[in-house]
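Read the structure below first, then the notes.
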Amino acid sequence: MSGRRKISRREFVAGMATTAAAACLPGAMALPAFAQQGRGPQERVEFKAVPFALENVRLLDSPFLEGAKANQKYLLSLPVDRLVHNFRVTAKLPSSAEPLGGWESPTVELRGHFAGGHYLSACALGYASTGDAAFKEKGDAVVAELAKCQEALGNGYLSAFPEDFFDRLSAGRPVWAPFYTLHKIMAGNIDMYTYCHNEQALKVAEGMARWMGHWTIGISDAQMQRILRTEYGGTNEALYNLAAITGNWRYFETARKFEKPSFFDPLAGHRDELKGLHVNTHIPQVIGAARMYELSGEPYYHEVASYFWDEVTSERAYATGGTSNGEDWDTDPGNLKGALSLWSEECCCGYNMLKLTRHLYQWTADPRYFDYYERTLFNSRLGTQDSQGLKMYYLPLETGFWKYFNSEYNSFWCCTGTGAEEFAKFGDSIYFHNANDAFVNLFIASEAQWPEKGITLRQETRFPEEQGTTITVKVKQPVAAGIGVRIPSWVADGGSASLNGKALPTFASGGSYLEIRRTWADGDKIEVKLPMRLHAKPLLGDPTQLAAMYGPIVLAGRLGTEGLTKEMQYDVDHGNTELAPPHARPVGSSEINVKSAADAQSLAWLEPVAGQALTFRTVGQKDAATLIPLHRIIGERYGVYWKVNSEHAEQG
Ligand SMILES: [Zn+2]
């Protein structure tokens, strides 16, 4: 893409020099020069916009609030004694609780990732999102039990599996992903400190960080790089966060050991060498690079994060915004031909790409980052939970499959964990601000307080069923400020805005902000119309397959319920976890016959169904199909990509 900022050679060399210098010192990395200034680690880059604090945003009625409530109900249903059982057993403390199953069962090597990690993050986020003390109490209770286990173990180590897993890791013997699991537990405790002000959780996280620092002493750089071939999640990111919270450079030094130059260097040099990599292993490492950029200002890390984001979102993402097939990137850039399957799009990847997007947005306040965020949130995240709060692992994109959800107590996939967090924090990216301006980035019914200005924004919308939004300003006394409403890149002709019922003379083009600066009075009302239109999104590298979109929404063909029993849609609840439906066999097709490729692209083969929002039907086809938003489809087979048959044109 021509718009990418290329790094200058001088910047690149400066970044590399820091890495190279550090790499010369096994076991005791040199701190960067800026660390000698007598201050603790803190943000060194200017944020152009920061999110409204989660505790200042409340969702109003919408599918997001419904989803959040189902998730909350599920979180509160999990008993603390079952969650902490494996931790207590590992610490040789008594526990008579019935163990959880799936990836939390006593014999699975990832145990603890959800119970002592994602679960704490989700409770902390749930508390911040709702103010409901039940989440804080639940999280506090788990933290208190984990602290007892850590104390019993005596050296800062905390996990639901024994420390000798790390001996296997350092010896190169098979073991699943021990640092990945510790990352989740550390992040969960950091979140409990950040959102629930739980000081004990901060102590637990610091104990774990000290243990990690100690463990890595004496491990050579070469051996550490071998160790880092095993998935380690966002260990670097969690340690950078802890360093910034505590002002302690030791955690920063430890974080730098969890960095893979073999992965980062090509990205900093703007080379896509992602083919063959396991996707969800790598996105969190880049989030760590983004955090490192924020704490260091080193251009190298900026390039790693921004080039990676550009490449994944433009060259490796589906129409839905999701990425990965069979958990890997197994194709060249810009080519997803053959990458539609039952195993397309691991849900964790969408979650982590949204997390990365928030960082990049904060550095730039560029609304185009929210074109991607919105597309991924609505198409890859919103529809991946059922009404009981159960989550999906893969979002199948091969025609004829369906959505498959975890069981209540016997799955606990990675995506159960990231999903529990996602559905606990929908309020975190709707509104951002800087010193003077607030930015409305997502159209989700909600109310947000901006305490620095004494302004409350109330957004009422049924988006995407409604093509626009209304924002009412509440103030105790008149306040001067700017409000920027994101005008998405997908907006069709005819967009408009009004203030207190009077049309504004100008609008903004797609991919920018409509900015209104004035002294706001109580009750001022901004109404924005954002007309949508149908548009085609061809599969990268294969113009004979395309997805139909309406505004940011991916439409999917409804293909019926043949053979879909409950057990085909839910992981079994008796211990054996499966990632995909048993005996999964696609039924139905999504094909269109048109005269030419141009006809296919124009979507003239679709027409709206009168009286039903976001509902379309194929026209001029042998078998008519109905399309509705992918996020609304649960319990039936679907087709996202349409195979284009344009034989007439080719023969003629
Ligand atoms: Zn996952």
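Just so you know, ligand 1 is whichever comes first in the structure, and atom 1 is the first atom listed for that ligand. All heavy atoms count here, side chains included; hydrogens, waters and symmetry mates do not.
The nearest N, O or S atom of Cys349 is not closer to the Zn ion (ligand 1) than 2.8 Å. Residue Cys414: an N/O/S atom is found under 2.8 Å from the Zn ion (ligand 1).
For Phe179 and Phe165, the distance between ring centers is not under 6.0 angstrom.
What you find for Phe378 and His631 is that their closest heavy atoms are O-CB, 3.1 Å.
Between Trp103 and the options Trp176, Phe161, Phe114, a ring pair (Phe, Tyr, Trp, His ring centres under 6.0 Å) holds for only Trp176.
Shown here is Lys260, whose NZ atom has more than 12 heavy atoms of other residues, nucleotides or ligands within 6.0 Å.
Summary: OE2 is the N/O/S atom of Glu346 found nearest to the Zn ion (ligand 1).
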